[in-house]
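A short write-up of the structure that comes next.
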Number of protein chains: 2
Amino acid sequence: MASDQTRTAILHAAERLYAERGFGDVTLRDIVAAADVNLAAVNYHFGSKDELIAELFVSRSIATNRERLNELKLAEEAGGGRASIDSILRALVGPTLRGCLGPERERSTASRFMIRASIESVPPIRRIKNREIDHLRKFAAAMRRSLPEVSEVDLYWGLHFALAMAHQTIRDSERLAKLSDGMCDLDDVGTIIDRIVAVSVKALTGRQTQTKPAAKLVTRGAP
Amino acid sequence: MASDQTRTAILHAAERLYAERGFGDVTLRDIVAAADVNLAAVNYHFGSKDELIAELFVSRSIATNRERLNELKLAEEAGGGRASIDSILRALVGPTLRGCLGPERERSTASRFMIRASIESVPPIRRIKNREIDHLRKFAAAMRRSLPEVSEVDLYWGLHFALAMAHQTIRDSERLAKLSDGMCDLDDVGTIIDRIVAVSVKALTGRQTQTKPAAKLVTRGAP
DNA sequence: TTGCAATTCAAACAGTTGTATGAAACTATC
DNA sequence: GATAGTTTCATACAACTGTTTGAATTGCAA
């Protein structure tokens, strides 16, 4: 195993280049040049280009999923096993949005990479996303406990719509900014999350949420 | 001009192959083989591969946009210059959804192509989509007329969310079907449109204040 | 040191890609 | 039927792709 200097150098360089230029325009030769390692190192350490991309995406998305589940757990504990629909949806879309949006210049390479992964759809990433269903089922289950009076079909549609709004906001933030002539503030992630959660709750319950959780547990950029 | 047999044969074959296998896996050689024309014909008739893709996408999306604007016009005429928000949103998302969803086996090549174009994001198509903003502005304007009491920011977010739900439903219908174990009927386009419109209307006309308490159905910006 | 495995390296490999070329075949006009 | 313009064709091009190879180098244990 020695030092995985080479390995991590490749990972870092690849993440940065993919974030900057997208998957279509970056070749292995670009990556190894940026990482200052030999061309064969990629296949030696990762097996193939696709496995490199997969590793980048997997490691980031399990981090997000962990955050999601952690928030969900906290919400369910706080509600005595039955979290509020508000907090469930917040746990669902919050981590992703906080991880990808926010002031342009503050965005990490990782977040820019994840935005790319949302926009361009490349086979290895698509394969991983398809396995995300089991993860979503946990949220569907929590929602069912939270809103037993809502039909399952409506629940799934609500979940789907919440993800849709979050996802599209990440993917197409630029268009919204242009369309609104800058009026829609895409740097204010907290408010965006509030909006998406509010709309989703309305969609699910037919009425507005009374409770807006006072203080947030997690914020981007630790204290 | 002779007969544009060759031209249209290329267009048809390309649309079909892209619809079936996606943009990443189809080469010019695949296309000309399917169209039974010479390799050089693509560059002769279209200039380049990207221009071929662009032409396919443009012709389909101006058709959709025309439908949208037509529905919008009808709605505004019916409302005496001020269409209901319901009908505006329906004009926005209806044509796209009807064009892309519905029973699998009934889907035309064109609709499958447009689904691909939603999922995979390839440069020539992205460029065209970026020019779609002017088209959306017409809907934003209609919405403003329809809901003068709603702030512009909220209007843009509502428009954005409506598109988000429509778009994601097209893109990820398979995941929703799997997640809901088939309970969400993605063949019933009419109901899907109803759902999306209903949620969007609720998002737009419900109370908009998340931070301020107790304002009745009131304007959130200056009157 | 010796031996052995892990790692790095330059170079080549084996395809594939979109595009360009120049001659041939066609079409319509005079 | 000759001519000019359009369209087709086989072929070559030039570049780029991810991957493999086998030899060098390194690091570490005995």
Side-chain angles (χ1 to χ4, degrees), chain A residues 1-58 113 116-117 120-128, chain B residues 1-58 113 116-117 120-128:
Chain A
M1 31 206 85
S3 74
D4 41 19
Q5 267 186 325
T6 304
R7 228 187 108 86
T8 56
I10 291 172
L11 284 170
H12 282 36
E15 185 174 59
R16 184 171 60 81
L17 288 179
Y18 284 140
E20 284 170 3
R21 318 206 315 243
F23 296 100
D25 281 357
V26 176
T27 70
L28 284 189
R29 283 168 175 84
D30 293 332
I31 293 171
V32 299
D36 198 34
V37 301
N38 187 270
L39 173 59
V42 173
N43 287 277
Y44 178 78
H45 284 282
F46 299 93
S48 71
K49 185 196 188 185
D50 278 10
E51 288 174 84
L52 165 61
I53 294 177
E55 175 149 344
L56 281 170
F57 185 72
V58 163
F113 173 84
R116 282 285 181 192
E120 299 180 34
S121 184
V122 71
I125 291 185
R126 230 173 304 161
R127 255 170 276 151
I128 294 161
Chain B
M1 44 165 109
S3 73
D4 41 18
Q5 267 186 323
T6 304
R7 228 187 107 88
T8 56
I10 291 171
L11 283 171
H12 282 35
E15 185 173 59
R16 184 171 61 80
L17 288 178
Y18 284 140
E20 284 171 3
R21 302 201 250 134
F23 296 100
D25 281 357
V26 176
T27 71
L28 284 189
R29 283 168 176 82
D30 294 332
I31 294 171
V32 298
D36 197 34
V37 302
N38 188 271
L39 174 59
V42 173
N43 286 277
Y44 178 78
H45 285 282
F46 298 94
S48 71
K49 184 197 190 186
D50 278 10
E51 288 173 86
L52 165 60
I53 294 176
E55 174 149 344
L56 281 170
F57 185 72
V58 163
F113 173 84
R116 281 286 180 192
E120 298 179 35
S121 184
V122 69
I125 290 184
R126 230 173 305 162
R127 253 170 277 149
I128 293 162

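Lettering of chains follows the sequences in order, A, B, ..., and the numbering in each one begins at 1. Any value given below was found using the heavy atoms of this structure, including those in side chains, with hydrogens, waters and symmetry copies removed.
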On DNA chain C, check which nucleotide each of Lys49(B) and Ala40(B) is closest to and give me the residue with the more 5' one.
-> Lys49(B)
Does the side chain of Thr6(B) get closer than 4.0 angstrom to OP1 or OP2 of dT8(D) through an N or O atom?
-> yes
Whole-Å distance between dT19(C) C1' and Leu52(B) CG?
-> 14 Å
Quickly work out the Gln5(A) CD to dC9(C) P distance and round it to whole Å.
-> 11 Å
Using atom CD1 of Ile53(B) as one end and atom C1' of dT17(C) as the other, report the distance to the nearest whole Å.
-> 13 Å
Starting at CG of Leu39(A) and ending at P of dC13(C), how long is that distance when rounded to a whole Å?
-> 15 Å
Smallest heavy-atom separation, Arg126(A) atom then Arg116(B) atom, equals NH1-NH1, 4.4 Å
Rounded distance in Å - CD (Glu51(A)) to P (dT19(D)) | 9 Å
Leu56(A) CG to His12(A) NE2 distance, which is reported to the nearest 0.5 Å | 10.0 Å
When the distance from CD1 of Ile31(A) to C1' of dG18(D) is rounded to whole Å, what number comes out?
-> 11 Å
Please determine if a side-chain N or O atom of His45(A) lies less than 4.0 Å away from the OP1 or OP2 oxygen of dT8(C).
-> yes
Can you name the closest pair of heavy atoms from Leu28(B) and Val42(B) and give their distance?
-> CD2-CG1, 3.8 Å
Rounded distance (Å) that lies between atom P of dT19(C) and atom CG of Leu28(B) | 6 Å
Nearest of dT19(C), dT19(D), dT7(C) to any side-chain atom of Tyr44(A)?
-> dT7(C)
Could you go through the side-chain contact (heavy atoms from CB on, under 4.5 Å) check for Tyr18(A) and Ile31(A) one step at a time?
-> CA-CA 9 Å; Tyr18(A) 284 140; Ile31(A) 293 171; 3.6 Å; yes
Expressed in angstrom and rounded to an integer, what is the separation of Asn43(A) atom CG from dC13(C) atom P?
-> 17 Å
Please determine, for the side chain of Thr27(A), which listed nucleotide (dG18(C), dC16(D), dA11(C)) has the closest atom?
-> dC16(D)
Side-chain N or O of Asn38(A) less than 4.0 angstrom from OP1 or OP2 on dA10(C)?
-> yes
Distance, nearest 0.5 Å, that separates CD1 of Ile125(A) from CZ of Phe113(A) = 4.5 Å
